[in-house]
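Worth saying up front: this structure is predicted, and the values here are computed from it rather than measured. Just so we're on the same page: letters track the sequence lines, and every chain starts at 1.
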There are 2 protein chains.
Amino acid sequence: MPRIGMEPLRRKALVEATLRTIGQQGSLDVTMSEIAREAGVSPALAHHYFGSKQQLLVATIRSLLARLRTDAVSALENVETPRERLSAIIRVSFQADQFAPETVAAWLAFYVEAQRSEEVRRLLVIYARRLRSNLLDSLERLCPPDDAARIAEGVAAMIDGLYIRQSLRSAPIGSTASMTLTEDYLDLQLRPFLRQDAPGTLAPNSSHRRGE
Amino acid sequence: MPRIGMEPLRRKALVEATLRTIGQQGSLDVTMSEIAREAGVSPALAHHYFGSKQQLLVATIRSLLARLRTDAVSALENVETPRERLSAIIRVSFQADQFAPETVAAWLAFYVEAQRSEEVRRLLVIYARRLRSNLLDSLERLCPPDDAARIAEGVAAMIDGLYIRQSLRSAPIGSTASMTLTEDYLDLQLRPFLRQDAPGTLAPNSSHRRGE
DNA sequence: TACAGTTGATTGACTGATCAATCAATAAAA
DNA sequence: TTTTATTGATTGATCAGTCAATCAACTGTA
């Protein structure tokens with residue numbers, strides 16, 4: 001029962017089905033049939049709209065990146081101080097939907113795909129650069145540029161590392177504990193540059209609440 | 001020209017060929033033909049010795065883990081103080097051959113495979129646990145158990161994160177800089193617990209040499 | 001020493017399954 | 001009628017896994 005104007009709907013449904021299928025399966029080894037079944041259409045239709053499997057995959061990564069971007073943008077609006085902006089960036093990374101096993105699995109799979117596909121690699125590099133530049137913007141208001149670069153690299157590595165460890169589900173560490181770890185790192189790195197007029201916060205141990 | 005006693009040689013050659021092929025290709029999507037060609041034998045022989053592709057892959061992961069283990073053991077012998085042991089652990093993780101793009105790609109691919117294969121997952125969990133327990137052993141001699149656990153988690157995440165970022169070749173960060181970042185993190189986390197009789201080392205900023 | 005039989009090593013050729021991609025056909029909407 | 005949506009059927013390629021056959025090295029043993 002073909003209605004007109006289905007194209008955008010089908011594209012969206014197929015991309016979402018791809019993400020779901022990859023997440024469930026935990027790898028990019030998903031067939032067009034599986035994706036199409038998940039989307040409730042025939043495999044032929046997926047080809048009709050996307051031309052090839054590779055293009056459907058790329059569209060899916062794009063949508064993942066777009067979601068992350070809008071999350072980040074909305075998390076950063078109305079947040080003024082550099083330190084609060086840093087916390088907002090961290091919070092977005094460990095938001096429930098970003099940290100869900102399915103999403104983590106999909107990200108991981110795309111990292112692997114980046115080894116082979118120049119296009120996928122370019123997209124992921126864009127993500128890495130955006131994270132880095134978001135962190136740098138705020139950090140450079142809090143410390144000298146050299147230190148800002150170093151700290152940004154460290155925070156980014158810690159975020160990515162907590163992600164990959166989440167994928168194994170071995171380390172008993174949830175999103176709350178992950179955020180705390182990253183925040184602690186940031187606090188500790190920034191301590192030497194703290195304005196002296198700020199009160200308190202000079203306890204030797206920076207670990208606050210922990211666990212989840 | 002079949003000589004007798006080839007089995008161990010062939011097994012070894014096939015495992016090494018698997019590692020090389022995965023590293024070059026950047027994913028586990030390698031065919032038995034490619035692996036066999038790389039090892040200089042026929043695909044049938046690979047099946048003869050390993051039974052299935054999956055078993056060959058598992059054997060390959062085992063060998064990767066074994067290499068890491070012997071590296072770690074030899075790096076830790078004759079190293080006495082807890083702090084030096086921590087540095088040794090970090091050094092092993094970023095050793096040239098462990099940090100080589102090919103090896104990183106293989107590790108990444110195995111993380112993805114762990115999503116699907118319970119056996120692969122178990123093996124990687126063993127690696128994660130071993131790293132964690134190595135770190136914990138030394139850390140608990142330097143600070144209270146709660147803090148040791150927290151710091152171990154952070155160091156492990158940072159190591160894994162620097163690994164995954166290395167795979168994208170986007171962040172211009174080499175093995176030396178990676179080690180420095182991790183060491184800095186450790187220094188900063190351990191500072192509150194430093195014995196007061198230790199001299200010097202009280203500069204506000206812990207970043208020493210940097211870059212690479 | 002010669003030689004028949006056994007065992008391990010190795011492969012080419014084949015099979016069966018899977019899957020991406022194509023295409024011609026159908027059906028509704030404009 | 002033209003356009004858009006949709007699919008079943010099919011094709012061609014790829015691959016893991018199997019199998020029977022070959023070849024060389026050992027093991028008696030007469």
Side-chain angles (χ1 to χ4, degrees), chain A residues 1-22 24-61 109-110 112-113 115-120, chain B residues 1-22 24-61 109-110 112-113 115-120:
Chain A
M1 51 310 278
R3 307 281 160 74
I4 206 175
M6 293 303 281
E7 175 154 0
L9 299 182
R10 291 304 192 203
R11 293 189 95 98
K12 190 161 173 247
L14 280 165
V15 162
E16 277 165 14
T18 306
L19 205 50
R20 241 175 298 137
T21 312
I22 290 173
Q24 283 160 18
Q25 192 122 346
S27 105
L28 291 191
D29 271 338
V30 290
T31 69
M32 289 296 258
S33 302
E34 287 169 325
I35 295 172
R37 197 179 321 126
E38 180 80 25
V41 299
S42 79
L45 196 66
H47 275 100
H48 174 65
Y49 283 127
F50 285 94
S52 75
K53 186 184 174 180
Q54 178 71 10
Q55 282 176 270
L56 174 53
L57 289 182
V58 168
T60 305
I61 304 178
F110 286 133
V112 168
E113 181 64 13
Q115 309 287 323
R116 276 183 304 178
S117 156
E118 187 53 35
E119 190 169 8
V120 172
Chain B
M1 56 305 278
R3 308 280 158 75
I4 208 173
M6 294 303 282
E7 175 154 1
L9 299 182
R10 292 304 190 204
R11 291 191 96 98
K12 190 162 174 248
L14 281 164
V15 163
E16 277 165 13
T18 306
L19 204 51
R20 242 175 298 139
T21 312
I22 290 172
Q24 283 159 18
Q25 193 121 345
S27 103
L28 290 191
D29 271 338
V30 290
T31 70
M32 288 298 258
S33 301
E34 287 168 324
I35 295 172
R37 197 179 320 126
E38 179 80 24
V41 299
S42 78
L45 196 65
H47 275 100
H48 174 62
Y49 282 127
F50 285 95
S52 76
K53 185 182 175 182
Q54 177 71 12
Q55 283 177 268
L56 174 52
L57 289 181
V58 167
T60 305
I61 304 177
F110 286 133
V112 169
E113 182 63 16
Q115 309 287 322
R116 276 184 304 178
S117 156
E118 188 52 37
E119 191 170 7
V120 171

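Rounded to a whole Å, the CG atom of B/Leu56 is 10 Å from the P atom of D/dG17. Nucleotide D/dC26 holds its P atom 16 Å from the CD atom of B/Glu7, rounded to whole Å. To the nearest angstrom, C1' of C/dC19 lies 11 Å from CG of A/Asp29. Distance NE2 (A/His48) to C1' (C/dA20): 17 Å, rounded to an integer number of Å. Rounded to whole Å, the distance from CG on B/Leu45 to P on D/dT18 is 14 Å.
By the side-chain hydrogen bond (donor to acceptor under 3.5 Å, both in side chains) test, B/Ser117 pairs with B/Gln54, sequence neighbours left out. Under the side-chain hydrogen bond (donor to acceptor under 3.5 Å, both in side chains) criterion, A/Arg11 pairs with A/Glu7, sequence neighbours left out. For A/Thr18, the side chain to side chain contact (heavy atoms under 4.5 Å, CB included) partners two or more places apart in sequence, or in a different chain, are A/Ile22, A/Ile35, A/Leu56, A/Leu57, A/Thr60. Partners of B/Ala59 under the side chain to side chain contact (heavy atoms under 4.5 Å, CB included) rule, at least two apart in sequence or in another chain, are B/Val15, B/Phe50.
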Listed pairs under 3.5 Å, donor-acceptor, residues 38-49 of chain A side chains, sequence neighbours left out:
from: A/Glu38; atom 1: OE2; to: A/Arg20; atom 2: NH1; distance (Å): 2.6
from: A/Ser42; atom 1: OG; to: A/Ala44; atom 2: N; distance (Å): 3.4
from: A/Ser42; atom 1: OG; to: A/Leu45; atom 2: N; distance (Å): 3.3

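Every pair passing salt bridge (charged side-chain N to carboxylate O under 4.0 Å, His left out) that includes a residue from residues 27-36 of chain A is listed here, sequence neighbours excluded: A/Asp29-B/Arg116. Within the structure, no pair that satisfies the salt bridge (charged side-chain N to carboxylate O under 4.0 Å, His left out) test touches residues 42-54 of chain B, not counting sequence neighbours.
The nearest pair of heavy atoms linking A/Val112 to B/Ser27 is CG1-CB, 3.7 Å.
Under 4.0 angstrom from either OP1 or OP2 of D/dT6 there lies at least one side-chain N or O belonging to A/Arg10.
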How does each nucleotide of nucleotides 8-16 of chain D score, in 5' to 3' order, for protein heavy atoms under 4.0 Å: base (B), sugar-phosphate only (S), or none (-)? B------SS

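End-to-end axis angle for the helix from C/dT1-D/dA30 to C/dA30-D/dT1, using five pairs per end and rounding to 10°, comes out at 10°.
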